[in-house]
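Heads up, the thing below is written out as structure tokens.
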Amino acid sequence: MSNAAAKSKYIQGSTGPWEIVIGLEVHAQVLSKAKLFSAAATQFGADPNSQVSFVDAAMPGMLPVINRFCVEQAVKTGLGLKAKINLFSIFDRKNYFYPDLPQGYQISQFKHPIVGEGVVLIDLPDGGTAKVGIERLHLEQDAGKSIHDQHPDFSFVDLNRSGVALMEIVSKPDMRSSDEAIAYVKKLRAILRYLSTCDGNMEEGSLRADVNVSVRKPGGPLGTRCEIKNVNSIRFIGQAIDYEARRQVDIIEAGGSIDQETRLFDSKNVETRSMRSKEEAHDYRYFPDPDLLPLEFEQAFVDKIAASLPELPDEKRERLVALGLPVYDATVLVGEKEIADYFEAMLAAGAEPKAAANWLNNEYLGRLNKAGIDIAAGPVPAASNAAIVCLVADGTINGKTAKDVLDIVWAEGGDPKRIVDARGLKQVTDTSAIETAVDAVIAANPDKVAAAKAKPQMIGWFVGQVMKATGGKANPTAVNALLKARLGITE
Amino acid sequence: MAVDTKTVRRIAKLSKLALDETREAPMVKQLNGILEWVEQLKEVDVEGVQPMTSVVEQRLKMRDDVVADGDKADELMVNAPGGEDHFFVVPKVVE
Amino acid sequence: MALPSDLTELTLAQARDAVRSKQVSSRELTAAFLKRMEAARVLNSYVLETPDAALKMADAADKRIASGEARALEGLPLGIKDLYATKGVRTTACSKILENFVPPYESTVTQNLWNAGAVMLGKLNMDEFAMGSSTETSCWGPTVSPWRAKDSTAKIVPGGSSGGSAAAIAAHLCLAATGTDTGGSIRQPCAVSGIAGIKPTYGRCSRWGIVAYASSLDQAGPMGRDVRDCAILLKEMASVDAKDSTSVDLPVPDYEAAVDKGVKGLRIGIPKEYRVDGAPPEIDALWSKGAEWLKSQGAEIVEVSLPHTKYALATYYIIAPAEASSNLARYDGVRYGRRAEGIHDIAELYEKSRAEGFGKEVQRRILIGTYVLSSGYYDAYYLRAQKVRTLIARDFARAFEKCDVLLVPATPGPAFPFGQNEDDPVAMYLNDVFTVTVNLAGLPGMTVPAGLSANGLPLGLQFIGKAFDEETVFRAGRALEVAANFTAKPTEWWKE
Ligand SMILES: [Mg+2]
Ligand SMILES: [Zn+2]
């Protein structure tokens with residue numbers, strides 16, 4: 001990263017520039033059917049306490065037994081983060097009282113996590129990339145949910161989430177702006193989705209971030225950090241960082257100091273606030289959970305998972321660039337798994353990579369965007385878009401007709417080739433038909449012909465007239481060539 | 001490393017045990033008695049010794065990812081001191 | 001075999017044979033125990049009697065016997081320590097915090113027993129959450145030992161924490177019972193109540209459904225009138241359980257078959273470190289006598305060393321409270337158990353419910369446990385204790401290179417009167433001095449009645465075996481039992 005780029009990220013205070021230092025702890029829900037230590041279901045939106053076993057409710061004498069699939073998913077994710085997989089890890093108890101924490105402790109990993117250091121390459125808005133270090137990934141249980149808005153005097157506790165497997169992915173404090181933090185979360189989410197280890201759904205809480213923010217004078221010692229808990233949208237992460245950094249700078253510049261504390265993000269007022277309930281000093285009294293043995297596996301277990309790893313965004317981008325795509329287009333296509341999958345499906349249906357990328361990025365994604373529809377819910381299957389791209393490539397239709405065909409498929413569905421046939425949308429390449437149209441236009445507009453001879457860019461007007469006369473189906477190249485010949489334009 | 005009243009109050013808070021004042025002094029005395037007695041462990045040379053995390057010499061058992069439990073909200077509520085509509089109910093928690 | 005006029009005189013093995021051969025029905029046997037229980041309520045060994053369910057189970061057993069489908073424990077009435085969750089039957093761990101708790105599930109061990117045809121007479125008293133050595137801390141009041149010292153009418157404790165089980169067996173209020181042993185809670189009450197009991201190897205019996213005290217030390221085991229009864233019962237209690245990560249994948253042997261194999265050729269280790277200062281000389285004398293008995297039956301006596309023995313008790317009293325402080329966090333008044341009245345916020349709900357619900361000793365251990373785990377003290381206390389624990393286990397591994405089983409005292413003395421150690425926790429903890437090492441190392445340990453103290457109270461001796469070698473422990477235990485020929489019985493003063 002260039003020095004200039006670094007400087008542009010500083011925020012200005014009354015005493016000069018400040019650097020923001022950001023680290024993220026992302027909680028990613030493991031995509032598993034059953035919970036981490038019980039056989040209850042993990043589905044979102046079930047009836048209250050309907051997906052709760054006696055283990056999840058911490059009834060007396062209940063014991064945890066680990067879900068192998070969750071272990072595999074953690075290892076897989078670790079491999080996707082290019083991280084060190086620890087063949088020996090330990091589950092610890094993190095002790096604290098909260099109504100949605102039935103055991104009075106969360107089973108987590110403290111000193112010996114299942115995954116160690118790794119790295120994520122993030123894609124910055126300016127087209128550059130940066131590396132964000134991964135400190136660790138550990139497996140832990142989710143807590144239940146306390147609902148506070150159902151009754152003026154009581155909170156209601158639903159334990160459906162209690163015991164669901166989470167991967168806590170802790171970054172190094174390597175980010176210096178909200179843009180970088182956003183790029184990191186986007187990339188992390190893409191990796192998780194490529195791996196199918198987490199659905200990345202932030203609205204349903206499958207992916208939440210605890211954001212650690214501090215500020216310092218450029219090059220100076222690290223400042224005191226505040227942790228903003230459970231931020232659940234990418235936009236909020238950016239807003240929370242910007243607000244929090246500004247708050248800290250203002251306090252320090254007014255002669256105050258930052259208290260290390262836990263804060264929450266209030267999205268309505270776009271501000272961070274101290275959390276009252278977490279005020280009292282915490283002492284989690286971590287110790288190895290005596291109900292569980294250390295988690296040990298062989299390198300062969302890791303190797304087997306490594307062998308099944310899918311292509312990840314960075315590798316896919318490299319491959320697409322090798323196919324001739326510009327880096328920018330490739331980055332857009334791989335950034336979200338659904339788009340990448342869609343693009344791959346277009347290639348599989350026979351579309352040429354560059355044309356397919358152009359069509360998808362410029363035409364289809366644009367329309368989806370305007371309509372506010374996700375690609376997965378979009379009305380046009382990849383095969384149809386591929387067919388349109390192919391119809392253009394083999395000269396069956398021209399670019400303008402292609403857009404019309406897309407409109408038809410979008411609105412009514414159907415096979416593009418059949419639509420083109422049935423509605424006579426094939427471009428006219430028959431020279432005699434085009435000649436007739438050209439001659440007619442020239443004959444009808446003698447004054448314009450004279451003008452065009454003096455001012456060759458007038459040819460555009462003639463092209464328009466011919467296209468109109470042929471119902472837009474004439475091959476534009478042929479029309480151009482013929483007009484030039486007839487009008488005596490030579491260049 | 002003697003325990004004083006302040007420490008007893010702190011650990012009572014962490015343990016979520018209401019400890020009225022009359023019990024603080026005797027508790028200080030008893031805890032100190034126990035702690036003085038366990039001080040003897042300081043004599044042991046534990047240099048290079050691994051802490052025991054499990055007495056069982058076997059690999060951690062693992063379960064398949066199969067849903068085979070749940071659907072027992074009624075049973076869960078049977079012993080609940082505050083239960084309503086399949087929710088556990090507690091005094092309002094302020095975040 | 002001629003049946004005794006009082007069916008409660010029968011041992012478990014005798015009753016099994018009599019029921020199976022239809023000499024007596026399970027209903028008759030069960031009714032005899034129920035009647036005797038009623039007459040012995042002053043002992044307070046049962047905190048809940050379940051006579052109706054017992055008779056129902058007995059009738060079902062009689063049906064099976066009639067149709068020739070008798071299982072290992074068909075129709076045999078047992079008492080269950082109140083630490084085992086029993087489905088639909090109040091289970092309290094003898095704590096006020098669970099005083100109304102009715103589990104909707106059955107512990108694996110008790111389920112195993114019912115699957116073998118056993119009959120439940122009721123739930124047995126114990127120290128609250130199994131924390132204690134006298135059964136004085138139960139929220140249902142203390143259990144009184146059926147034993148009395150020579151020429152005395154003073155009530156004495158039955159030991160603990162499985163004191164209700166020990167008293168019930170000694171007073172013939174069940175054929176046998178389940179206990180649990182975290183630091184000696186099976187062996188110590190058995191020793192001072194003149195009965196036999198074994199804490200099997202950690203991992204042998206499932207902990208699923210047993211209220212946890214200290215997870216890395218807790219182990220279920222049988223208590224019975226003699227070694228054979230314990231062997232029969234353990235075979236049924238033990239199992240490999242997929243619901244307990246620490247249950248070990250090893251087949252359960254036929255322990256009864258091992259009982260009579262004798263000790264000829266066995267090397268019996270005598271660890272010199274178990275001679276502790278201040279222990280009464282009669283304990284030492286009994287220990288030496290025990291070694292002589294075994295030697296005369298052809299065993300070889302080997303002197304061994306367990307150098308870290310003296311640190312075991314302190315190690316235990318760090319690790320057990322630490323785990324307990326965390327295990328007992330779930331009793332918070334939110335989902336089950338006691339909730340204090342008149343509370344205004346969640347902090348009050350926790351603090352008051354727990355202060356009201358937990359007894360003094362439990363609170364003391366929670367506080368100590370919280371302290372040794374808290375930041376700044378973890379390394380000095382908990383981590384160091386876990387390292388010493390490694391050394392203690394290593395001592396045993398080395399000793400077992402030289403011998404097959406160890407013989408040691410069971411307790412530092414006979415049972416004591418009520419209230420003796422009430423405000424001196426450390427003095428109370430010293431009762432476990434000979435038993436906790438076994439829990440720390442996860443090994444099997446069995447106590448067998450061996451003689452009477454000068455004041456006429458039972459004393460036991462203890463065998464410690466290699467991990468998962470309960471069979472050798474049973475062999476040695478039986479050999480000692482035969483030699484000791486312990487026939488003393490409590491006078492039935494409670495019937496007066
Ligand atoms: Mg965190
Ligand atoms: Zn976490």
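In what follows, chains carry the letters A, B, and so on, assigned in the order in which the sequence lines appear, proteins first and then strands, with residues in each chain numbered from 1.
- A:Tyr286 touches chain C through its backbone: at least one of N, CA, C or O sits under 4.5 Å from a heavy atom, while the side chain does not.
- In this structure, chain A has no heavy atom under 4.5 Å from any part of C:Ala347.
- Chain A forms the most heavy-atom pairs under 4.5 Å with one residue out of C:Ala93, C:Gly209, C:Ser216, C:Pro103, and that residue is C:Gly209.
- Atom NZ of A:Lys33 sits in a sparse spot, with 12 or fewer heavy atoms from other residues, nucleotides or ligands closer than 6.0 Å.
- Of the atoms belonging to C:Phe129, not a single heavy atom falls under 4.5 Å from chain A.
- Within a 6.0 Å radius of CD in A:Glu296, more than 12 heavy atoms belonging to other residues, nucleotides or ligands are found.
- Of the inter-residue distances, the one linking A:Phe37 atom CZ with C:Ser245 atom OG reads 8.0 Å to the nearest 0.5 angstrom.
- Contact annotation for A:Asp291: both backbone and side-chain heavy atoms come within less than 4.5 Å of a heavy atom of chain C.
- Annotation: side chain of C:Trp208 is in contact with side chain of A:Met62 (closest heavy-atom distance under 4.5 Å).
- The contact between C:Ala242 and chain A is made entirely by backbone atoms, counting heavy-atom distances below 4.5 Å.
- Note: A:Phe287 and C:Tyr382 have perpendicular aromatic rings, judged against thresholds of 30 and 60 degrees for the angle between ring planes.
- Contact detail for A:Arg93 and C:Ser215: the closest heavy-atom pair is NH2-OG, 3.8 Å.
- Heavy-atom distances place both the backbone and the side chain of C:Thr370 under 4.5 Å from chain A.
- Both the backbone and the side chain of A:Phe97 come within less than 4.5 Å of a heavy atom in chain C.
- When side chains are defined from C-beta on, A:Leu63 does not count as touching C:Lys243, because their heavy atoms never get closer than 4.5 Å.
- Within 6.0 Å of atom CD in A:Glu298, 12 or fewer heavy atoms from other residues, nucleotides or ligands are found, so the atom counts as exposed in its surroundings.
- When each of A:Ser146, A:Pro99, A:Ser155 is paired with C:Ile346, the side chain to side chain contact (heavy atoms under 4.5 Å, CB included) condition holds for A:Pro99 and for no other.
- The environment of NZ in C:Lys96 is sparse: at most 12 heavy-atom neighbours from other residues, nucleotides or ligands sit within 6.0 Å.
- At least one side-chain heavy atom of C:Thr246 sits less than 4.5 Å from a side-chain heavy atom of A:Leu293.
- The contact list for residues 324-337 of chain C toward chain A, using heavy atoms and a distance under 4.5 Å, reads C:Ser326, C:Asn327, C:Ala329, C:Arg330, C:Tyr331, C:Asp332, C:Val334, C:Arg335, C:Tyr336 by residue number.
- Between chain C and the residues A:Pro60, A:Ser38, A:Pro290, the largest count of heavy-atom pairs under 4.5 Å involves A:Pro60.
- In this structure, A:Asp283 CG and C:Tyr378 OH are separated by 12.5 Å, a value rounded to the nearest 0.5 Å.
- The side-chain heavy atoms of C:Pro104 and A:Met59, taken from C-beta on, include a pair separated by under 4.5 Å.
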